[in-house]
Each structure stands twice: as C-alpha cells, then as structure tokens.
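Every chain is numbered from 1 and lettered A, B, ... according to where its sequence line falls, protein lines coming before strand lines.
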Amino acid sequence: MLAKMRQKAKDLLSSGVVSTVIGYGEGSGNRVRALFIRKPDDADKLILDERCVQNLAVYLTKREVRALGRPAVVARVPVMRTIQQLMFEKQVAEGEVAVIGISPDSQVLDFPDLKSMAEYVSAIPFELSADEKAAVEKLEKMTAGERWNFWLDVLSGCSKCYACRQSCPLCYCERCTVECNQPQWVSVPSHGLGNLEWHIMRAMHLAGRCVNCGDCFRACPLEIPLNLLTQKIITDIADKFGGADEYALNAFKPDDKEDFIR
Amino acid sequence: MSEFEPKIIAFVCNWCTYAGADLTGTSRIKYASNVRIVRLPCTGRIDFMLLMKAFSRGADGVIVSGCHPNDCHYTSGNFHARRRWIVFKSLLDFMGIDVRRIHFAWVSAAEGAKWAEVVNSVVNDVRALGPYDGYKNLAPIAADWRIQDAG
Amino acid sequence: MSRIGVFICHCGENINGTVDCAKVAEAASRVPGVSHSVDYKYMCSDPGQSMIKEAIKEKKLTGVVVGACSPRMHEPTFRRACAEAGLNPYLCEMANLREHCSWVHEKSEATTRKAVDLIKSMIEKVKLNQPLQPIKVPVTRAALVLGGGIAGIQASLDIANAGHQVIMVEREPSIGGHMSQLSETFPTLDCSQCILTPRMVEVAQHPNITLHTYSELESLEGFIGNFKAKIRNKARCVDEKLCTGCGMCAQKCPTKKISSEFNAGLGMRSAIYVPFPQAVPNKPVIDKDHCTFFQKGKCKVCEKVCPTKAIRYDQEDRIIDVEVGAVVLATGFDVLGTDFFPEYGYGRYKDVINGLQFERLASASGPTLGVIKRPSDGKVPETVVFVACAGSRDPAKGIEYCSKICCMYTAKHAMLYKHKVHEGSAYVFYMDIRAGGKMYDEFVRRAIEEDDVKYVRGRVSRIYEEDGKLVVKGADTLLGHEPLEIRADLVVLATAGVASSGAEELAQKLHVSYDSHHFFAEAHPKLRPVETNTAGIFLAGACQSPRDIPETVSQASGAASKVAGLFSQEELTREPLVAVVNRTAPPLYSTCTGCGLCMPACPYQAIEMEEIRTRDGTVVKVAAKVNPGLCQGCGTCVALCRVKAIDLQGYTNEQIYAELMAL
Ligand SMILES: Cc1cc2nc3c(=O)[nH]c(=O)nc-3n(C[C@H](O)[C@H](O)[C@H](O)COP(=O)(O)OP(=O)(O)OC[C@H]3O[C@@H](n4cnc5c(N)ncnc54)[C@H](O)[C@@H]3O)c2cc1C
Ligand code: SF4
Ligand code: SF4
Ligand code: SF4
Ligand code: SF4
Ligand code: FES
C-alpha cells in the first residue's frame, strides 16, 4: 500500500498532473510532519502509518500553497470529508486538487475527480466513535454546575495561542472574528470570559461544518479537549435535524422540533 | 443591600414582538421594569454573540423573541433563528452555562398580554435564581458593572 | 466628535406622569458626545418639531435621539423633521419611552432609570449611525396578472385603462373563472354571463392587454419594479392565428363522452373543445389525455374537418419571457367536491351535488338549459334540501373558517329553485345566517318570507338513499334538538371554498406567504389587505380567502390602483435598510471568504457572488454581494456570516453592540 501510494505520487508528479504532493514524512523525534513533494524522486520519502493523522486539507486554502501550483493530497476519510466541505464552501473547485485517497482499511483509492471522491466519502456514515460518544455523554450526565466547573477548569489554561484555529482546515477566514475589534465580539484577555467567548464562538462557527478530524485538539499545547464542543454539536445536528443538510445552519424545516420556545 | 433586582435584556424582532410590546403599552398592562429591549428587524438578525455580550454586560437573564413560526415578516428569518437557537442553547447547556436564564418566546403583534407575562415570569424566575455571579465573576469588568448598578 | 441632540417628550402626562422627563434630559446631557438635551410637552407637535430643527441648525447636531412614543408610530415624523433641517434622516433614532416604559411601569425611580438607560443606549447607537441615501430602482411599467377570473379581469382592465401594459395568464383554455359558471348572482339576481361576457371581450380586445390562456407561470425572479417571468404556453394543438373558432372540430370529434369541467361534471364535452360558447378566446384546445389520436395514434378527424387547417398535433409548449414591474395574484379558489363527505355518501349519490353543480343546473346555458332536473333520472325534484356550511366552520374537517359566500348563494339557490318549481319545497339547513352586506339580509329574508324557503337551524348528520329518495337526517336546534328527517329528491351541499389547486407551489415560486389552508396571505390583515409580504406582488379576489363578486371586484380595483401608483414613477425609492457586503483595500478586497453559505439563507435570493477584478480584468477574489433591490433587510445573513462580512445598514453590528453595551 505504501508502494502504491508512492507510485501514485510519482505518476502524478512526473506526468505533470500536479506540481506538489502533500503527504506525510518522518519528522524529528519520532514525529510525523507534512511533506511537500515537488520532484517524482522524492516521492519515496512519503510514509503512511497510524501516526499519519494530520488533516492535510488545511494547506489547500493557504495562499503560499496555492502559489505552488496544483496539489495532490494524501487523504484519509476525514481529509476527504474536509475537501468535500471546502468544495461546498467554494474554497476548492473541481480540478483544482487531486486526491490520493486512503480507505479506512488503508487501501489506496483512485478518484477520477473530486465529485467521485465526494460520493465515496458521503457513503461512509459521519458519526462519532464509541469513545467520543462516551466522552460527550459523560459530560451530558453531569449537572450544569459540574459542567460549568469542568469547562472553567479546562479552559483556564487556554492562552489564546490560536494553534487550534491554525490547524483547522475549516478556519480559513482571512480575518477571523476573534480579531475584530469594532466591535469587540470576544474579550481580548485570556481570562475566564475571554476564553469562554472564544470557545463558544469557535464552536458555533464550526457548527454544521466541522468534520471531526481532531486536529484542533492535537494542535493544542495544553491538550484542551475543545473538540468535545464540536462533537456535541455534531450529535445535536444529527439528532435534531437528521443530519441530511449540507449545512444545517442555513437550512430549516418549518416543523423543526424544539421544546423550549414558549 | 436591597432585594436583588435582575437585569434582563430582550432581543426582539421589529414586526411581532416589538409591536406586541407596543400593544402591551397601549393596553396599559403593567409589567416589571427590569427589562431593556433591543430592537432588531427580525429574529434572523439576532447574532448568538449578542446574547453572550448581554451576559458579559451584566445581564442576569436574556429574552429572545420574535414572530411565531410561519408569521415572520420575512417569511423564514425565524426558522433560521430557531435552528441556531437549538444548536446554541444546547451548546451553552453543554458548557454549563445557566440556560434557565435565557428565555426564548414567540410573541406576536397581537399578544400584548403575553409579552407582559413573559417579562414578569422571566423576572420572577431570574430573581429566584439570584444574580448571575458565575458569569460576572469570569472577568474583572463584571465587578465594575455591579458597582454602577448599585448606585 | 459627535454632537448629539436629545429630545425628551412628555407626551402630555403620558410619559411625564410616570417618568421624570426633566431628570432623563438632565442625565442625557451628561453623556459624552451629547451637546443638547431638552424635554418638552409634545415633541411631535409643530413647536416640538421646530425645536428639533432649530437645534440641528444652531448646534450643528450630528445625530438626534427623540425619547417619545414607539418608533413604529413617529419615526417617520421625526426623521422627516431632521431631513427638513438638513440632517440625514437616518441620523435620527427614537427611544421608546411611552409604550415600552411609562405606560407599562408604575411611577418610580426604577422607571425613570429605565428611561435613562433606553436614552443612553440610543445615544450610543446614533453615534455610529451613518447617513444613508434612499435606494432608487427603475420600474418596468407592465403588470403580470395571474388568473383570469373576475378578479384578474377587473385588475387587468383597470391597469390597462390607466395606460399600462398587462400580461394576463390563465391556466384554463378560457378566462372567466367561476363567475362564468354561475347562473344568476345575488343579491340582484342578474345573469352572471350577461355582466361578465362584455368584460371578457374587453380584455381580449384591449390594446394594452396581452392574453395568455392555457398558460401557467413557470418562474418568477427579480424584485419590485423589475421582475422577470417565464410563462409556459401549453400546447393547444391548434394554431390560434388560423383558427376562426367555427367549432367544426368539436362538432365532429368522435370522443364526446368526457365529463365537462365547465359544467362541473354534469355535462359532456369532446376531446377537442371550447369550454363554453362565450369562451375568450374562442379557440379550442385538444385534451391530449382523452384525444383518440394521442391515446391510440389514430383519428385525426379534427384535422380533416378544420376548414382553415389549424390543427397542429405536434405543437409543443412554448416558454415566453416577459419583464414586468408588478404582479397581481388572482388565481381564485375551488369548492370541495361532494366526495369529501363520508356522512353524505362520499359522492356516491348522484343526486347529492355541490353548489357549483346547482349553478350549472340553474343556468340557462347549462346542461339542462336551466330546468332544475336531478342528475340521476332527470326528474324535476319536488323536495330539495340545501345544506349550508358543508365542511366550513368544522374543525373536525380541518376547515375552521367560514367560506363567507355560502349563506348567500344557498339563499339564492333556494330562491331560484322556488322560482322555477313553484310547488316544490326547499329546505335550508344552516348554522347561522351570515348575510352582512348591502341588500344581503333583505335578500335572505325575501327567500324566507316571499319564496317560502324553510330554514332549519342545525347540522345534517347523515344522508342516505332509500327507495329513490335521499333521506336527510338532522336536528332542529331551535326546537330543542328535535330530530328531523326529510325525504328529498335532491340535496345541494354548500361545500367549503378552498384554495385553488397548485396555490402552494405558486406561492413558493413567488415567495409570497400563505396560510395553513394555502390561501395567500396579505401583508397586513387590516391596513395592507391587497399587498403581499413581497413588495410588488399584490392580491385580488378569492385567492386570499373565499369572497363574493363585489368584494372581489373592489379588491381587484384596489390592487390595480396600487399597481398604477407604483407605475406612476419612473423610479422607485426604497428605505436603504439593506445588507451590504464589505469591500476593503487590496490584498483582502473584502473580508468575505466567498463561502456562499449566506446565499441559501436569504429569504429573497438577494445574495449573489461577484468576481472582484483588478483593472486589467484578472479575478482576484470571489465575494458575496447583496442586490439592494431584492434585499428586504431581515439580517438573517448578517447573523449567519462568521466573518461578519455582511452588515445591515441601520442595524449594523457596531450599532447594536454599542446599544447593548450602554444598557
Ligand atoms: C356556487 C357558487 C355560487 C356563487 N354565487 C355568487 C353570487 O351569486 N354572487 C357573488 O357575488 N358571488 C358568488 N360566488 C362567488 C364568486 O364565484 C367569486 O367571488 C368569484 O368567482 C371570485 O373570483 P376570482 O377571480 O377571485 O376567482 P375565480 O373565479 O376562481 O377565478 C380564478 C381564475 O384563476 C385561474 N387560475 C387558478 N390558478 C391559476 C394559476 N396557477 N395560473 C393561472 N391561472 C390560474 C382559474 O382558472 C380561474 O380562471 C359564488 C361562488 C360559488 C362557488
Ligand atoms: S474544529 Fe477541530 S475537529 Fe473540527 S474540523 Fe476543525 S480541526 Fe477538525
Ligand atoms: S484551545 Fe489550545 S490551541 Fe486553542 S487557543 Fe486555546 S490554548 Fe491555543
Ligand atoms: S458574506 Fe459571509 S457567509 Fe456570505 S459568502 Fe461571504 S463569508 Fe460567506
Ligand atoms: S438582510 Fe435578509 S434579505 Fe437582505 S440579503 Fe441578508 S438575508 Fe437577504
Ligand atoms: S420579522 Fe419577526 S421573526 Fe422575522
């Protein structure tokens, strides 16, 4: 499978179909890093193992990367989902990106175009893993007071370094609202209020869009489980709206159910 | 210190609830004076961050209200709003924010009496809950607000 | 630095009675940026307005806050005053000290404190207000009228006579609507055809009216003054230019046993047909579902007999594009069939008919030439029972509303029957008689007193057939619910008026609201009854709810005068309270990411994507753009946009934020 992936990368580069292959390579200290392969011969530096989880789609919206010419991306399911979402959000268009798909059982997948990739990935149910579900449920079972203290506690460490935002492939806005000071939507200091506002805003902005890749969590130097928030929203959207909409927050049903509006 | 008087901020749409509250006035129905109304064209315009900002400004409770489903002046603003509220309220609850302090309602332009009821019941409920110290203590500015209000 | 003027109105004692207005003005004067603050007895009076105007001029005010009644009441007044003094009207805001404060709270310090808060919050908002200019949009002076019943006919004639172009679209082969099916009309009993036909002809001949019959609206895009419509001309299979309306085709068509819609199922028509002799236009259509040629591939008799060779079997639907400035919706209503009622035999009994069928029986041009004969055996009925409110006002049937016309036409029917069958007996079962209207009550009374129609108050619980008679079981609630059984020869159900078929889809195409029964909704039930919530689309007639001809006609004229008013200007001015997507300096060009998520959220399809280009034409960015002609200013997109790239003029993020932070 590794050989097949490298070969595919080589072919794409040597045929000139793409000018860069974005994949995974060995970094320092047993860590994996993103590799930008430009020459067919370098394709052998690509690796693929269980450490290779970073959502490489994050690079697709970056100006510097776009300047390199058309890229191909090594994409596991969450990455493919991201590309699908980016297409829906008009950030990536058919033909702009090639995908070296990796199936859940680590087979290399060939897609003639992004549309077929989107079809493939749409067929795989989008749901939380059992562990993720359990973590969300654990919090749900607490009292409101316990939840408040939990979040106060975990968020108290947040220094607003925005590594989570930087790593998120869907946080591609050029001017993030957190930096808007007219008006100041989010309190600047990283105190209780500033952090709470930041995380509420972040979660709401990803509501209906987050693909649950987990990169935000992995990027956080303080290991704040901020993806619990987006995971909660994913379950809510599936439970409450059926999860069929491409973007749940610009759609509606006249009979959407709720039990709190009097 | 005198009995705690909650500060309530209401975000309402122009066409139904604002007009409904006007009717409460023309009908001379009395209600608690703790509420301050922010007029917006439609519930669709109500940004969730406004609700957060109301709390950071020291509100002890928030009312969000607009036209009944199918009655939105813009036909579907309130349907969009309802979806956002469903997600948003659940998220706040998940974060332990006291969602009992946020009251969502549909109040039509004909429901002057209902508006008074909504305000009175929210004021009573929030009065019973006490000041939202948990939120106010998140940041130094909260204390600043309280001094101002005591005067 | 802002120079805000604050004007606190006492509204006599209305505000000052509970709020200490002087104190409010004093507190406002201490707010930074306020350079003038006064209170006065009646701010909306001439002297009050003059105070504002003078202060604007003398103190060079940059903004005005009036603390008075609801802005829904006097915002236009004060904005106008500001404009007269040279201040942009959108730099004036009102704080609602009356409806939202003095009238709803007791006199107390807390009430005054609230008033101060409301004023302060408006001061902070107004500091951020921007001068705005009204939006001007050009107006295409042509109207699209959908539906060719009496409502559409009247509206079209009025608009056309005012000198404007009208495009009328009727989905049936002829215009006329339900009125063309009626025999005689209450309360004067004049013949419906006699008063209607001349108008139909006028429509056909009017130089300003283009008539599209057998046509439907395919789509409508655009906004007030600037709509683009696509109209589908369904294939008639007849070349209208060649056809002279001689009727040979229909006469010779071998397929003749098709139930006639015009005769409400009581008569027959051929496969190629003109619905009724006075039809406008008098050009036949081929009913493909029944035509032997279309069904079996053989026949073509009509082609052979047509003297002008006008038959075109291969004619296809045509789509026509038109541009109009206004739309009048006049698509009318339908009545329920008898099959809706299990208790009255589910439509199984031939001699249980509905009101429209009775109209056809009573009509001189109807299938019985005006002789009242019962459908089953053609006998003249000796006893007829009329059942009012069949379906209407019956929540159990899902129809809570009153169909409004049935009381009157039932009285008319009973009367017509008695005029034609003197020795017969007519019974009317009713819930109560609603005969409000000029000469209406007199009309019903005439039926009872002069024509001896027997009115029984009560619902009919069951009807069944027995020995060639219809047994009508009911109760007389005025006689202590005494059970009553009438053996009738004919039963006429005044079935509920319902929305015309396809009304819901049509409303969705036009983006107008409709009620739970699919009748189109007016913008305001009392003050804007002929407008819809979509600017430029007006309502006429029974498409809004069942109504009679006089009401329909007056409403149609009302809608027409609205259209004529709209067309009286070359340009239309609109309030500039619309959304705008920001544009910034390069290299950003706009904070909009071009994600397009806002587009489907807009109820008016006002958001489109624009390619931003440099001078040499290279596309540097794709960003959203709001069409100010379409945007209605709801702000749904504003709250949705993550980067706050869209903002709503008059309710900007900054303004609302400042307003909130001052509370
Ligand atoms: C049994 C009966 C007796 C009545 N007697 C009287 C009476 O005596 N006096 C009185 O004042 N009133 C009477 N009325 C009421 C009268 O019929 C109505 O007031 C009148 O017909 C309403 O006119 P309208 O043009 O609004 O609707 P309609 O007459 O229903 O006309 C609507 C027209 O629009 C067309 N249409 C529908 N949908 C579309 C579409 N999507 N696109 C294009 N065209 C479309 C239809 O084909 C029709 O031609 C009676 C009604 C009934 C049922
Ligand atoms: S919010 Fe986190 S989990 Fe969701 S898409 Fe962004 S990085 Fe991935
Ligand atoms: S959650 Fe973590 S990664 Fe995100 S801003 Fe806070 S500290 Fe940084
Ligand atoms: S205005 Fe906002 S929501 Fe609309 S396309 Fe731009 S970024 Fe997306
Ligand atoms: S303000 Fe409302 S009507 Fe205007 S563009 Fe936004 S969503 Fe559409
Ligand atoms: S206008 Fe009231 S909710 Fe939209």
Hey, which of [options] has the most heavy atom pairs under 4.5 Å with chain B?
options                                : answer
C:Val512, C:Asp117, C:Leu118           : C:Asp117
C:Cys637, C:Ala521, C:Ala601, C:Ala110 : C:Ala601
C:Cys634, C:Pro71, C:Pro603, C:Cys69   : C:Cys634
C:Lys125, C:His100, C:Met661           : C:His100

Would a 4.5 Å heavy-atom cut-off, applied to side chains only, mark [X] and [Y] as touching?
X       : Y        : value
B:Pro41 : C:Leu648 : yes
B:Lys53 : C:Ile656 : no
B:Thr75 : C:His511 : no
C:Asn96 : B:Tyr18  : yes

Please classify the contact between [X] and chain C as side chain, backbone, both or neither, with a heavy-atom cut-off of under 4.5 Å.
X       : result
B:Asn70 : neither
B:Leu40 : both
B:His73 : both

Check: Are the charged groups of C:Lys114 and B:Glu5 less than 4.0 angstrom apart, N to O?
Finding: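 Salt bridge absent between C:Lys114 and B:Glu5.
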
Note to self: Between B:Arg36 (side chain only) and C:Leu660 (backbone N and O only), is there a donor and an acceptor less than 3.5 Å apart?
What the structure shows: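 No, the answer is negative, given that no donor and acceptor are paired below the 3.5 Å cut-off.
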
Next item on the list: Could you tell me whether a side-chain N or O of C:His105 sits under 3.5 Å from a main-chain N or O of B:Tyr31, the two making a donor and an acceptor?
Entry: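 Checking the backbone N and O of B:Tyr31 against the side chain of C:His105, a donor-acceptor pair under 3.5 Å is found.
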
Next item on the list: List the steps, then state whether side-chain contact (heavy atoms from CB on, under 4.5 Å) holds for C:Leu663 with B:Ile9.
Entry: CA-CA 8 Å; C:Leu663 284 174; B:Ile9 294 186; 4.2 Å; yes

Note to self: Please classify the contact of C:Glu659 with chain B as side chain, backbone, both or neither, using a heavy-atom distance under 4.5 Å.
What the structure shows: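 Contact with chain B: side chain only.
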
Note to self: The test is side-chain contact (heavy atoms from CB on, under 4.5 Å); show your working for C:Lys644 and B:Asp47 and say whether it passes.
What the structure shows: CA-CA 10 Å; C:Lys644 316 282 177 218; B:Asp47 195 313; 2.5 Å; yes

